[in-house]
2 protein chains.
Amino acid sequence: MHIPKGYRFAAAQAGFKKVGKYDLGAIVSDVPAVAAGVFTTNKFKAAPVLQCREMLADGRKMSGFLVNSGQANACTGDQGRANCRETLNMVARALGVPADELLPASTGVIGAQFDLSKWEAAMPALVKSLETGTAELVARAIMTTDTVHKLAHASFEMPSGEVRLLGMCKGAGMISPNMATMLSFILCDADISTEAWQTMLADCVNLTINRITVDGDMSTNDCVMALANGASGVAIESEDDYVTLRKHLLAVLEELAYKIVMDAEGGTKVAFIQVSGARSDGDAEKVARAVGNSPLVKTALFGSDPNWGRIICAAGYSGAEFNPDDLVLKIGGILVFRNGTPEPGDMDGLLKPIMKERDIVIHINVGDGPGSSLLLASDLSRDYVSINADYRS
Amino acid sequence: MHIPKGYRFAAAQAGFKKVGKYDLGAIVSDVPAVAAGVFTTNKFKAAPVLQCREMLADGRKMSGFLVNSGQANACTGDQGRANCRETLNMVARALGVPADELLPASTGVIGAQFDLSKWEAAMPALVKSLETGTAELVARAIMTTDTVHKLAHASFEMPSGEVRLLGMCKGAGMISPNMATMLSFILCDADISTEAWQTMLADCVNLTINRITVDGDMSTNDCVMALANGASGVAIESEDDYVTLRKHLLAVLEELAYKIVMDAEGGTKVAFIQVSGARSDGDAEKVARAVGNSPLVKTALFGSDPNWGRIICAAGYSGAEFNPDDLVLKIGGILVFRNGTPEPGDMDGLLKPIMKERDIVIHINVGDGPGSSLLLASDLSRDYVSINADYRS
């Protein structure tokens with residue numbers, strides 16, 4: 001793995017989750033880094049989301065991330081904000097970082113207040129871990145219902161040297177096209193302006209992480225935050241430099257987005273829902289979201305049932321404007337439906353092997369308009385229900 | 001049961017569903033009746049929906065309903081329309097009713113064409129059944145994944161005599177606030193104008209059947225159709241008459257709506273989601289729908305988990321405009337959340353017995369606006385997934 005230069009990692013078991021699980025993590029940049037962030041649009045924003053938005057508002061450099069799993073610190077009011085600041089002070093002191101340069105993130109159960117004594121007790125282990133801690137350890141510490149930790153990385157040559165990118169994320173449920181209970185941290189050792197980094201991040205998140213759905217729920221805690229500390233000595237200055245870095249950032253985020261859907265709670269499938277020919281991208285997205293969020297489509301995916309009627313039906317109530325006679329549906333490249341009727345022949349027999357695959361491409365063309373959209377969607381299984389019916393018990 | 005005067009019922013086993021199940025039904029009015037209908041807004045409308053809309057367009061009287069389950073006759077193109085007309089001719093001939101006065105409805109799998117030889121073969125049994133057939137038999141013939149047949153009735157005195165109302169419906173999945181794979185037939189023996197009957201029906205459907213959700217999917221076949229044949233000899237003329245009949249029609253539709261959610265596929269709960277204080281009814285409905293369609297809320301309901309955080313979270317991403325600090329949440333009458341934080345005390349302990357009930361009232365006030373909305377929502381269980389993953393196999 002190509003770890004960007006100038007970052008250290010730490011994790012500890014503070015007891016927010018079950019005993020024996022990492023649930024506290026920190027990433028420290030040796031020098032203050034250019035910072036960018038994209039956050040949930042949910043009206044109820046968790047304390048750490050509010051804190052980060054404030055900290056990033058004036059474009060200051062940041063020195064790292066502090067993250068915990070097990071408790072979301074959401075719907076916790078003024079006390080939650082105070083606790084968030086208190087944990088930043090505590091960890092900053094312990095790790096020798098300015099408290100106002102440590103960006104917080106939390107994920108887990110909504111509503112409960114932090115037990116600060118648990119945080120205090122974990123400090124020595126966190127400090128010790130900073131010596132030998134790895135990115136993988138932090139990626140593990142942010143897991144909740146995730147079954148695997150999620151990392152993606154890239155390294156590439158620029159005219160003035162090598163640049164490295166590392167992304168990690170957690171997310172498996174409460175996932176919707178506009179973020180999710182999804183935390184993602186991106187590290188880069190290029191030297192780039194705050195404005196360019198923020199624009200690049202927002203742009204790439206919109207094409208990747210914002211195009212996935214597990215259950216259509218958008219969490220109070222979602223965030224993607226990125227640091228670029230310049231430790232590679234490579235400056236991003238020309239248009240070409242920008243394009244190269246953006247290409248690799250996009251690839252890292254694409255990989256993370258796919259990994260989230262692949263690890264969807266109880267998920268067994270990843271549907272690539274491609275909509276084209278719509279009047280606008282917005283209309284295309286309506287179709288993709290209606291199909292990707294339909295419980296009937298999702299259960300059919302789970303059952304490997306080529307039930308194209310449910311896809312057509314969801315497109316029909318999506319609210320997008322199109323002529324139903326123009327809709328053409330292909331599944332796994334096979335023409336299934338056009339001119340308002342299914343294609344003749346043994347469609348079920350043809351589609352059966354395709355439906356048994358993990359990755360299933362569903363292409364829906366709704367006309368000859370310029371609008372298109374891609375959405376990655378998980379299926380809906382009995383295990384999803386079990387995981388979420390019993391999450392707190 | 002108070003069966004409205006002047007209607008006869010018939011059902012047969014045509015073999016569209018498994019052998020030994022009723023899947024063909026007809027209701028005949030002895031005299032042509034004033035007819036009204038409300039239909040799905042899905043862009044893909046099934047052949048019988050298109051047929052009924054045409055037939056009802058000019059306000060003519062109708063003599064009955066023809067309904068089949070097992071096949072939806074949706075996405076069947078011109079052939080489907082022709083088959084729909086052919087079955088109307090066949091049944092009209094057999095039952096001695098004008099074909100252009102028989103309103104068709106279908107429910108079941110999308111895409112397959114009718115096998116007209118099965119229809120032909122069922123005619124003698126259908127004709128014979130008309131002599132002794134009951135409303136219950138027809139209510140059974142329209143079931144698909146329903147576990148119980150659904151009837152509701154009312155009878156009441158008007159100044160000039162007694163009036164009877166009977167409603168039947170099917171529906172358990174593909175149910176969304178704007179109709180569903182939901183067929184409903186209403187019979188009345190009052191004498192009322194077409195215009196008043198249509199207005200009353202649309203108005204009452206909007207307050208009942210359009211306020212339920214199982215899975216947020218809106219079907220290609222939804223319809224509520226109503227006949228009023230005047231056989232009671234009671235004319236609805238004054239404002240008072242109208243108000244009285246409307247009150248009872250509303251009650252019948254409320255009962256049917258509740259029965260659909262109670263019989264939701266795999267469902268074990270009925271959540272009454274009441275939203276008030278919104279800027280508009282539309283905003284209130286956004287909150288109610290976000291909460292009622294959230295898979296995380298629905299799985300928590302299934303698990304009897306008082307996971308209020310998921311309710312708050314769904315309200316937060318609903319798209320409705322409100323100040324999060326104004327939101328007040330009550331579950332089963334117990335104050336759970338206000339001022340951005342949960343109420344102190346053992347909320348889980350207090351809520352546990354409430355969550356174990358079948359009917360759970362969730363009240364969400366989001367401010368002091370005039371907008372309100374009610375939505376009845378089912379939970380999401382492992383059985384829902386099983387039913388829909390294996391529906392066609």
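In what follows, chains carry the letters A, B, and so on, assigned in the order in which the sequence lines appear, proteins first and then strands, with residues in each chain numbered from 1. Just so you know, these numbers use all the heavy atoms, side chains as well, and skip hydrogens, waters and symmetry mates.
Comparing B:Pro324, B:Gly77, B:Ala315 by how many heavy-atom pairs each has under 4.5 Å with chain A, the most go to B:Pro324. Between chain A and the options B:Ser381, B:Ala320, B:Gly319, B:Ser304, the largest number of non-hydrogen pairs under 4.5 Å is found for B:Ser381.
The aromatic rings of A:Phe337 and A:Trp308 sit tilted relative to each other, their planes meeting at an angle between 30° and 60°.
With a 4.5 Å cut-off on non-hydrogen atoms, B:Phe322 touches chain A through its backbone and its side chain both. Neither the backbone nor the side chain of B:Leu301 comes within less than 4.5 Å of any heavy atom of chain A.
Checking B:Asn307, B:Leu329, B:Val336, B:Val291 one by one against B:Ile312, the side-chain contact (heavy atoms from CB on, under 4.5 Å) holds for a single residue, B:Leu329.
Remark: B:Lys43 engages A:Glu321 in a salt bridge, criterion side-chain N to carboxylate O under 4.0 Å.
Under 3.5 Å, the side chains of A:Lys170 and A:Thr107 contain a donor-acceptor pair of N or O atoms.
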